[in-house]
Amino acid sequence: MSVVQGSVLGREVSRSILREASPQKVHGAAQVRAALTSVIRSARHELLSFDDPAGALGHEIPEPFLEFAGACVRAAGEQAATVRRIAPRHGLTHITEPWLCPGGARVADSIPFKMVVADRAVAVVPLDLDLHYNGVQLIRDPVVVQALVRTHRSLWEQADELSGHARPGALPSHLRPVLEALLAGLTDETAATRLGISGRTYSRRVGELLTALGTTSRFRAGAEAARRGWL
């Protein structure tokens, strides 16, 4: 092979890599469905996602599209070795059925955007960051994909285990130890140590508990919890 031929071939390979790595925007319900199906079905080892089960409420998204999204994730659970989904806590409070899904699932105070990453090779992110139905961007750039994987891993480590969707008006299971710590009069530092969480996470959960109780006072938390039958 001559130097010129080698140079031409090198440029062609480089162009191919660039085309593969360049983000690809996808519009239209049918095209988005095809893209999501292809990416999710391609996962053999790992599927990561940020998902809001109630994110589509009030957006008049056709029911077939919503059913398709759920079917895709269920199918991925049968073929990928690892499935990890993270949902915002508020998103689970707006659904009436348990958030049943394959693989692991955790809840966080919020998610930065919706996302799906298959085998750390390709990612799908909504163009508006919230709804796949409005269009998505396929990302194959390895640096960007790795950054998204790290973002998911970081939030996964901070998120809470999903122990079952609590019935309306019930005390979320992850807040019971916090309520017990408050009633025991433990300092935040002591309570966080006993629960094996950071002081920041404990303070956040105290705030979440007080919000659930409808009070801003730690002193009133016990009385309100008793009134609701949480003790």
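No hydrogens, no waters, no symmetry mates; every other heavy atom, side chains included, goes into these values.
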For [X], enumerate each residue passing the salt bridge (charged side-chain N to carboxylate O under 4.0 Å, His left out) test, keeping only those at least two apart in sequence or located in another chain.
X    : answer
E224 : R227, R228
R44  : none
R176 : none

Would you say [X] and [Y] make side-chain contact, with heavy atoms under 4.5 Å?
X    : Y    : answer
P23  : V144 : no
L148 : F113 : yes
H27  : L127 : yes
P88  : I111 : yes
Q158 : T201 : no
D188 : S203 : yes
V124 : L138 : yes
L48  : W156 : no

State the [atom1]-[atom2] distance between [X] and [Y], to the nearest 0.5 angstrom.
X    : Y    : atom1 : atom2 : value
L175 : W230 : CG    : CH2   : 7.5 Å
E208 : L213 : CD    : CG    : 11.0 Å
I61  : L131 : CD1   : CG    : 4.5 Å
R153 : R84  : CZ    : CZ    : 9.0 Å
Q137 : H132 : CD    : NE2   : 12.0 Å

F50 and H152 aromatic ring geometry - parallel, tilted or perpendicular at 30°/60° bounds =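 Geometry flag for F50 against H152: parallel rings.
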Spell out, as yes or no, whether a donor-acceptor pair under 3.5 Å connects the side chain of T211 to the backbone of G207. yes
Task: Donor-acceptor contact below 3.5 Å, side chain T151 vs main chain A147 - done: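 The answer is yes, because a donor-acceptor pair under 3.5 Å joins these two groups.
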The complete set of salt bridge (Lys or Arg N to Asp or Glu O under 4.0 Å) pairs with one or both residues in residues 108-123, sequence neighbours excluded, reads E46-R120, D51-K114, R89-D109, D109-R204
Residue pairs meeting salt bridge (Lys or Arg N to Asp or Glu O under 4.0 Å), one or both in residues 122-131, sequence neighbours left out, come to none
Note: S42 and A118 closest approach over all heavy atoms is OG-CB, 3.8 Å
Scanning both residues in full, the closest heavy-atom pair of A29 with F65 reads O-CE1, 4.0 Å
By side chain to side chain contact (heavy atoms under 4.5 Å, CB included), R220 pairs with (sequence neighbours left out) T215, S217
Full working for side-chain contact (heavy atoms from CB on, under 4.5 Å) between Y133 and V32: CA-CA 7 Å; Y133 185 74; V32 168; over 6 Å; no
Any chain of hydrophobic side-chain contacts (each under 4.5 Å) joining L179 to L186?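 Hydrophobic grouping puts L179 apart from L186.
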